[in-house]
Amino acid sequence: MEKSYRPRNIEEGWYRRWEEQGYFAPAPQGDSYCIMLPPPNVTGSLHMGHAFQCTIMDALTRWRRMQGRSALWQPGVDHAGIATQMVVERQLAAEGKSRHELGREAFVEAVWGWKDQSGDTIGNQLRRLGASVDWDHHCFTMDEPLSHAVRKVFVSLFQDGLIYRGKRLVNWDPQLHTALSDLEVLSTEENGKLWHIRYPREDGRGDVVVATTRPETMLGDTAVAVSPDDPRYRDLVGEFLELPLTGRRIPVIADDYVDPEFGTGCVKITPAHDFNDYEVGQRHDLEQINVLNPDATLNDNAPEAFRGLDRFEARKQIVEKLKTLGLLEKVEDHKMMVPRGDRSGEVVEPYLTDQWYVKIAPLAEPAIEAVESGRIRFVPENWDKTYFSWMHNIQDWCISRQLWWGHRIPAWYDPDGNIHVGMDESDARRRSGIDGDVPLSQDEDVLDTWFSSALWPFSTLGWPEDTDRLRRFYPTDVLVTGFDIIFFWVARMIMMGLRFRGEVPFHTVYIHGLIHDGHGQKMSKSKGNVLDPLDLIDGIGLDDLIAKRTEGLMQPHMAPAIEKATRKEFPDGIPAFGTDALRFTFASLATTGRDIRFELGRIEGYRNFCNKLWNAARYVLGQIEGQAIAGETEAANHAGEVDLWIEARFAEMQSQLNHHLESFRLDLAAQALYDFTWNEYCDWYLEFSKSALHDGTPEQQAATRRTLLSILDRLLRATHPIMPFITEDIWQRLREPLGIEGESIMKQPW
RNA sequence: GGGCGCGUAGCUCAGCGGUAGAGCACUGUGUUGACAUCGCAGGGGUCACUGGUUCGAUCCCAGUCGUGCCCACCA
């Protein structure tokens, strides 16, 4: 063995060997154990969070596999509708082209091309991380079998009345020109203004002052509301007002929605541009006047002077106009929550469109029950509160997106606008009994990416076919994921799993924290604080790191600051720590907390730990070369106090380790291994063995050699789930002296 | 406005009803073979604050302060 631990030398070959030998496929017998890999974006690459998550999943899978379970870790990737489409559109934009110039077919082809080009980045990363996934069954959400499952679910839900098409307000992203679900809208507090505007009374007896944060929407007002209990405005209810700039007359109505304490106590009601106003409008049967185009410029329902203006420019001009008309009473500074699209960052508009929805309440009910009854358990437990609070207030799910990349909605329209849903056009015709000569056109929209993700636990196993894998591995055992996608993904998998399999998709949801940088900041390209897991494994020079962090920035002016911070934090770049050290670090960071700070000092310490283990093995192997090794019984007969002590300590550690793995405390598991290896096996037993090997009888020496080897063997197996490479590499050298039959530590019993 | 979490050694974090632990950092010291990616020895904390329960609280309960995240329709 080399004197120093060099991860690169030992990590290279083992993964290929494991994969070639088919060790990652679930064993034909044994109780099943299954984890679904949360599918990363197909064209993306794995970041630290993914690597962290993979470490947890791989450690659990390897551990169960060694315990004799038929373990399946199901891999795959997600088509990630909006994200992927945006990437490709940006590439086109760089060439001065737009997707509309290409047309739908060519654009989708371009996306597939990009998918192929970005290639198997994720696959290669997973391999470098040592992930023991079942490559033979790798899935992509847009593979035909999975797409078939998507259509099947859509048709079925439609037939059962749980999918419907409706015209109502949605969150509209005016930049991406698509509807978004509630979850894809993030509200942030921003500084805004509250404009107080006079609406003259029709009877000429003065005016009413309304307060609004969005004056441009007044062009679509169809009422002004006051609180029914407000004595100031009691007489006003039923009267009419003149809506400035439009010449329209609108009624004053009374509605509980209005808080008399806020603003002036009078609220302008714009049913087509505000979710609350929409509700009020429904209650009072108000007209909905849409004044915006899909790109958030004013449309022809607006007075001519404002048509075609962007919403924010229109706001400026409207306020200006009101001022000259003497209708602007005052303007106040006002903090408000502004809704923005999570991908585009654009201010989202409540917008009246036709969209597809999943009627969610009937699906949510059993999903709530499944967690209440304990058939699904969150770890740590208190995440169930988050789950429940969302599920109890869940709104219908808008599933249509005005994108080109994704699963096309399996619905067709006849010339009269009737809807026909089916697995394909002919199926739709058959179901509706429509002749072949009636022309049908398919809905242009695609489904929300999460619609297909929701089916992942069974679509990847072959559903709707009744496959052996499906029967064997569904329900799966553990879902490992971050708390950021409990709503997006976890809840929806539970709902769909119960609906289409009649059983929960998994028994345990292990929620881990999110990896941040050493200062507790979220890692992001724009902050320039991203670490690539592969750079921690292979190392990277300072200049390369800086280049990586500053190239392709959305805000290039940040580059100097990023460079400075990077130079300060990594003056010598990043040394190569190896996969095992990285994995051990991730395991030790897997505490119950919510955010996790990744610091270089930590991984350095664990790289040293690898070296410690390496050298302990070197010592042990050096002692046995050409020497007699006692058999097990023989060794027991000649065991001294120290041997008994280390045996007892190992047994204790092993039992703690099991307990910690059972309870998903990989941090404690890692610590138990670290403590035993360093503070007991190395510091004490190895030291004592030196005198035993020097002064003992030949029998005692042979017994000591047996114990040295035997503990090392078991220690390596115990450490293998977290550090697969170094343990395999050392263990291979123990096979002969211990007379072990197996070919790999992966296949050794736990 | 609700919900969840956190506040323990200089830093990052474990822990637990019985007079505090790890890694890193720090101090001193040690190189003829397991390991300087190391060994040995050591310094350092009134476990945010206040009150309560208890024989006993860092740990349980109530409140306060600080801090972070999530959800929510106040125009």
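Per chain, numbering begins at 1; letters A, B, ... match sequence-line order. A quick note: this is a predicted structure, and the numbers were derived from the prediction, not measured.
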Report the distance from atom [atom1] of [X] to atom [atom2] of [N], rounded to the nearest whole Å.
| X | N | atom1 | atom2 | answer |
| --- | --- | --- | --- | --- |
| D342(A) | C70(B) | CG | P | 13 Å |
| H660(A) | A14(B) | NE2 | P | 14 Å |
| R665(A) | C13(B) | CZ | P | 14 Å |
| D384(A) | C70(B) | CG | P | 19 Å |
| E189(A) | C74(B) | CD | P | 11 Å |
| E184(A) | C70(B) | CD | P | 16 Å |
| N679(A) | G23(B) | CG | C1' | 11 Å |
| F584(A) | G23(B) | CZ | P | 12 Å |

*Would the F378(A) and W383(A) ring centres measure less than 6.0 Å apart?*
no
*How does protein reach along nucleotides 34-40 of chain B, written 5' to 3' as B (base within reach of a heavy atom under 4.0 Å), S (only sugar-phosphate), or - (no contact)?*
BBSBSSS
_Classify the ring geometry of F609(A) against W678(A): parallel below 30°, tilted from 30° to 60°, perpendicular beyond 60°._
parallel
Nearest-Å distance once atom [atom1] is located in both [N] and [M]:
| N | M | atom1 | result |
| --- | --- | --- | --- |
| C26(B) | U12(B) | C1' | 16 Å |
| C61(B) | G68(B) | P | 25 Å |
| A22(B) | G3(B) | P | 39 Å |
| G39(B) | G23(B) | P | 10 Å |
| U37(B) | U31(B) | C1' | 16 Å |
| C6(B) | C47(B) | C1' | 14 Å |
| A62(B) | A9(B) | P | 25 Å |
| G1(B) | U8(B) | P | 27 Å |

Side-chain donor-acceptor contact under 3.5 Å, [X] with [Y]:
| X | Y | value |
| --- | --- | --- |
| D667(A) | S588(A) | no |
| E184(A) | S181(A) | yes |
| D182(A) | N171(A) | yes |

Closest to the [X] side chain: [options]?
| X | options | result |
| --- | --- | --- |
| Y674(A) | G23(B), G68(B), A75(B) | G23(B) |
| K385(A) | C4(B), C73(B), A75(B) | C4(B) |
| D259(A) | A14(B), C74(B), C69(B) | C74(B) |
| L668(A) | A75(B), G5(B), A14(B) | A14(B) |
| Q671(A) | G68(B), A22(B), A75(B) | A22(B) |

Partner nucleotide, any strand, of [N] [Watson-Crick/G-U, under 3.5 Å]:
| N | value |
| --- | --- |
| C6(B) | G66(B) |
| C16(B) | none |
| G44(B) | none |
| U29(B) | G39(B) |

Using a cut-off of strictly less than 4.0 Å, decide whether [X] has a side-chain nitrogen or oxygen near OP1 or OP2 of [N].
| X | N | result |
| --- | --- | --- |
| R602(A) | C13(B) | no |
| T591(A) | A14(B) | yes |
| H334(A) | A75(B) | yes |

Please work out if [X] contacts a base, only the sugar-phosphate, or nothing of the nucleic acid, heavy-atom cut-off 4.0 Å.
| X | value |
| --- | --- |
| M337(A) | base |
| F275(A) | nothing |
| R597(A) | sugar-phosphate |

*Evaluate side chain to side chain donor-acceptor pair (under 3.5 Å) for Q654(A) paired with R714(A), printing each intermediate quantity in order.*
CA-CA 9 Å; Q654(A) 177 80 265; R714(A) 282 173 280 163; over 6 Å; no
_Would K690(A) and Y619(A) count as a cation-pi pair here, with the cationic atom under 6.0 angstrom from the ring centre and within 45° of the axis?_
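Yes; both conditions hold, so K690(A) lies above the ring face of Y619(A).
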Separation between [atom1] of [X] and [atom2] of [Y], rounded to the nearest 0.5 Å:
| X | Y | atom1 | atom2 | result |
| --- | --- | --- | --- | --- |
| R594(A) | D484(A) | CZ | CG | 11.5 Å |
| R665(A) | H660(A) | CZ | NE2 | 7.5 Å |
| M336(A) | L194(A) | CE | CG | 9.0 Å |

_Both F262(A) and L589(A) contact RNA chain B. Which one's nearest nucleotide lies toward the 5' end?_
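Closer to the 5' end of RNA chain B: L589(A).
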